[in-house]
Amino acid sequence: MTDNHKDKAVSNFIRTIIDQDLTQGKHSTVITRFPPEPNGYLHIGHAKSICLNFGLALDYGGHCNLRFDDTNPIKEEAEYVASIQEDVQWLGFDWGERLYYASDYFQELHDFAVCLIDAGKAYVCSLSQEEIREFRGTLKEPGRESPYRRRSIQENRDLFAGMRRGEFPEGSHVLRAKIDMTHPNLNMRDPVIYRILHAEHHRTGNAWHVYPTYDFAHGLSDALEGVTHSLCSLEFEDHRPLYDWFLDELPVPSRPRQYEFARMNLGYTVLSKRKLIQLVQEGYVQGWDDPRLPTICGLRRRGFSPASIRNFCERIGVGKSFSLVDMSMLEHAAREDLNRHSPRVMGVLDPLRVVIVNYPKADEESLEAVNNPEDPEMGVREVLFSREIYIEKEDFRTDPPRKYFRLAPGREVRLRYAYYITCVGMVTEQGTGKVLEVYCRYDPKTRGGSSPDGRKVKGTLHWVSADHCRRAEVRLYDRLFVTADPTADAKKRSDFKEYLNENSLEVLRDCPVEAELAAFEAGSRIQLERKGYFCLDYDSSPDKLILNRTVTLRDSWAKLEKKLAHS
RNA sequence: UGGGGUGUAGCCAAGUGGUAAGGCAACGGGUUUUGGUCCCGUCAUGCGGAGGUUCGAAUCCUCCCACCCCAGCCA
């Protein structure tokens, strides 16, 4: 863990609380936990929570537990347990030996429930699900007490034991905490704490027929693990009184506190399991790791580095107000890290053939190129040059606009790490005027890209030798939705999917790229000079190169050109 | 007056009675063999609104407004 935790941490309300707890001696260490439910893939929103919980533990010299919140066997699967661990690890965090499952505590939790029964603070309720809802009342009207609320302690014990042994059908009974049916907070109106589920659990198999609810299990698990600060999202604020109630009523080994922070929303995408699963299952994207998705595995495949995601999470801060973070923030974090660490390679996305007419036909030569101007230690490589090369179509104009520094008839530019070339002619298509091929002369004295007479050129182009290049498939990704907040806008139309960007993926084939690319392993992150940061897809191989574009480079020419067009 | 929350720049966000940090974006300029990077500069007389307390208020008080969450045997 480097990079982001070196910087002095930005203050936030949770750090303020921890600082107080530490100076007042309320705690001597900080124990947090990341508690995913293993029922889906992690996304960038989870990354914020992971960075917060593990980051705090790291900064304060404490610990962060990875705890799977597996209290609902119907929804949870072992498959997700593995992917979540992989993602947390990939992000760069280490839980050491502290890997836990709520299901580890099923026995303790059960015993706590019996404690409540013995104290007359819990009872078996045999109302149907609909009846329980009716008895709960509404937001503005108080609820009514269940007729089963006055069962004797012995009867409750016997019934709960029967529930546990699987003697009753699902839905026939539940165990409820006996709190207050008139409480203004609905969570306190005798909440269900155990329900009968005859389902096989991914870890405990068929050992149990009753499973604790989140409200009952979560805080007690925190207490059992000695968690000091239990961080969750805002929608659990209403659950805090209940969280506290269980801890106050039961003989717990420690006293954790719950604090709530606002979950992150990212512009032009969606971050809810329900919506993500729709996109995957209905085929709008090609899987959980589709590079257009904000899932951790999608971002990984897209080419984001773990450090860039950590920096992003650090930078957006932690607060309690609802926020929609701008995509440019994530892109900035990606460029910042990738600029420092990714090797440069040349590749042409939209090729235009250039013939260097005064370069000997049979010749070729090797030129030296630096791998990363930001990091000399990354060394240099050889790039082959020859009479026929490809440049980017957009780097040539027959009628260049003002301030266009690239190639045009009669213009001289530099080929990066190679020579100065001057355009002396071209072939255009009959009728359309489309440029098919360009002819240039090179200046042999400018080898390497500088002129002995001190002559300057304003443009530098990337290029690839036609005789020595490889071909690659290049996948250009764009924002998944056409609107910043598809969830909110979906209220105006029928469905958030109406706002999907139909051009979020553009596939380019046979793009000429430096042969050097074949030396990189799948998953490698590189910069295609002047075009952007790319990642070799998992399906890429030296024989079939596939590049995924992570993000473009900033393009001030595109901005200028747009401005010129408007003036 | 059901209960619980939140409002500081286009976006994120510090600030906790002493005169509005920082980042992203944007806009100027410098350096540059990536129109990249880097560097320099500009960007809230203003903190949801209105009153009040105070020598002094984004911070304290009062009222108001807007938005979010809650009626799963989901988490």
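Nothing here was measured: the structure is a model prediction, and the numbers come from that model. Sequence lines set the chain letters: A, B, ... in the order given, protein chains first and strands last, and positions in each chain run from 1. As a basis for the values below, the full set of heavy atoms in this structure was taken, side chains included, without hydrogen atoms, waters or symmetry mates.
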Check the phosphate of B/rG72 against A/Thr213, side-chain N and O only, distance under 4.0 Å to OP1 or OP2. Yes or no? no

What is the distance from atom CZ of A/Phe216 to atom OG of A/Ser221, rounded to the nearest 0.5 Å? 9.5 Å

If only side-chain N and O atoms of A/Lys559 are considered, is one of them under 4.0 Å from the OP1 or OP2 phosphate oxygen of B/rA26? yes

Given A/Phe68, which of A/Tyr105, A/Tyr101, A/Tyr100, A/Tyr80 fulfils the ring-ring contact (aromatic ring centres under 6.0 Å, His included) condition? A/Tyr101

I'd like the P distance from B/rC68 over to B/rG36, given in whole Å. 41 Å

Which glycosidic conformation, syn or anti, is assigned to B/rG17 if syn requires a torsion within 90° of zero? anti

With a non-hydrogen cut-off below 4.0 angstrom, is A/Pro35 in contact with a base, only sugar-phosphate, or nothing? nothing

To the side chain of A/Gln129, which of B/rC73, B/rU34, B/rC12 is closest? B/rC73

For a quick check of understanding: with a heavy-atom distance under 4.0 Å over all strands, which category does A/Asn12 fall into, base, sugar-phosphate or nothing? sugar-phosphate

Does OP1 or OP2 of B/rA71 have a side-chain N or O of A/Arg189 closer than 4.0 Å? no

Using a 4.0 Å heavy-atom cut-off, does A/Lys75 contact any base of the nucleic acid, only the sugar-phosphate backbone, or nothing at all? base

Identified ring-ring contact (aromatic ring centres under 6.0 Å, His included) partner of A/Phe160 from the options A/Phe168, A/Tyr123, A/Tyr194: A/Tyr194

Using the P atom as the point on both nucleotides, what is the distance between B/rC60 and B/rU6, in whole Å? 12 Å

Could you check which nucleotide pairs with B/rC74 in any of the strands shown, counting Watson-Crick or G-U wobble with both distances under 3.5 Å? none

In whole angstroms, the gap separating P of B/rU32 from CZ of A/Phe405 amounts to 14 Å

Taking atom P of B/rG35 as reference, at what distance in whole Å does atom CD1 of A/Ile391 sit? 13 Å

Rounding to an integer number of Å, can you tell me how far A/Glu529 CD sits from B/rU37 P? 13 Å

So what does A/Ser233 touch, heavy atoms closer than 4.0 Å: a base, only the sugar-phosphate, or nothing? nothing

Identified side-chain contact (heavy atoms from CB on, under 4.5 Å) counterpart of A/Leu461 within the set A/Met346, A/Arg530, A/Glu392: A/Arg530

Within 45 degrees of the axis of the six-membered ring of A/Trp208 and under 6.0 Å from its centre: does A/Arg164 put its NZ or CZ there? yes

Is there a side-chain polar atom (N or O) of A/Thr138 under 4.0 Å from OP1 or OP2 of B/rG2? no

B/rU34 phosphate, OP1 or OP2, under 4.0 Å from A/His462 side-chain N/O: no

Parallel, tilted or perpendicular: which one describes the rings of A/Tyr404 and A/Trp557, with boundaries at 30° and 60°? perpendicular

Please evaluate residues A/Arg67 and A/Asp222 with respect to the criterion salt bridge (charged side-chain N to carboxylate O under 4.0 Å, His left out), reporting the C-alpha separation (whole Å), side-chain torsions for both, the decisive distance (0.1 Å), and the verdict. CA-CA 10 Å; A/Arg67 180 174 77 232; A/Asp222 285 341; 2.8 Å; yes

Measure from NZ or CZ of A/Arg455 to the centre of the six-membered ring of A/Tyr420 and say whether it is under 6.0 Å with the direction within 45° of the ring axis. no

Can you tell me if A/Arg136 touches the phosphate of B/rG72, counting only side-chain N or O atoms and a distance under 4.0 Å to OP1 or OP2? yes

Distance-only donor-acceptor test, A/Glu374 side-chain atoms vs B/rG36 base atoms, 3.5 Å: yes

If I take atom CZ in residue A/Arg274 and atom P in nucleotide B/rA75, what distance separates them, rounded to the nearest angstrom? 18 Å

When both hydrogen-bonding distances must be under 3.5 Å and the geometry is Watson-Crick or G-U wobble, what is B/rU59 paired with, if anything? none

Between the side-chain atoms of A/Asp238 and the base atoms of B/rG3, is any donor-acceptor pair under 3.5 Å? yes

Give a yes/no on whether any side-chain N or O of A/Asn72 is located under 4.0 angstrom from OP1 or OP2 of B/rC74. yes

In whole Å, what separates the C1' atom of B/rU42 from that of B/rA25? 14 Å

Is the aromatic ring of A/Tyr214 within stacking range of B/rA75, meaning centres under 5.5 angstrom and planes under 30 degrees? no

Please give, in whole Å, the distance from B/rC38 P to A/Arg554 CZ? 8 Å

Checking all strands, does A/Arg176 fall into the base, sugar-phosphate, or nothing category for heavy-atom contacts under 4.0 angstrom? nothing

Checking all strands, does A/Lys563 fall into the base, sugar-phosphate, or nothing category for heavy-atom contacts under 4.0 angstrom? sugar-phosphate

For the side chain of A/Arg315 and the base of B/rG22, is some donor closer than 3.5 Å to an acceptor across the two? no

With both distances under 3.5 Å as the test, what is the Watson-Crick or G-U wobble partner of B/rA66? B/rU6

Just checking A/Tyr404: base, sugar-phosphate only, or nothing, at a heavy-atom cut-off of under 4.0 Å? base

At less than 4.0 Å, is any side-chain N or O atom of A/Thr460 found next to OP1 or OP2 of B/rU32? Yes or no. no

Quote, to the nearest angstrom, the P distance that separates B/rU8 from B/rG56. 27 Å

I'd like the P distance from B/rG46 over to B/rG35, given in whole Å. 43 Å

Determine the Euclidean distance between corresponding P atoms of B/rG18 and B/rU59; express it in Å to zero decimal places. 12 Å

When all nucleic acid strands are considered with a 4.0 Å heavy-atom cut-off, which category describes A/Val370: base, sugar-phosphate, or nothing? nothing

Provide the distance between the two P atoms, one in B/rG72 and one in B/rG15, to the nearest whole Å. 38 Å

How would you label the contact of A/Glu260 with the nucleic acid (heavy atoms, under 4.0 Å): base, sugar-phosphate, or nothing? nothing

Pick base, sugar-phosphate or nothing for A/Glu237, based on heavy-atom distances below 4.0 Å to the nucleic acid. sugar-phosphate

If you look at every heavy atom in A/Thr71 and A/Glu76, which pair is closest and at what distance? N-OE1, 3.5 Å

Strictly below 4.0 Å: does A/Ser321 bring a side-chain N or O up to OP1 or OP2 of B/rA13? yes

Nearest-angstrom distance, C1' atom, B/rC69 to B/rG49: 24 Å

Below 3.5 Å, does any donor atom in the side chain of A/Arg340 face an acceptor in the base of B/rU37, or the other way round? no

At under 4.0 Å between heavy atoms, what does A/Leu553 touch on the DNA or RNA strands: base, sugar-phosphate, or nothing? base

I want to check one thing: is the phosphate of B/rG35, taken as OP1 and OP2, less than 4.0 Å away from some side-chain N or O of A/Arg530? yes

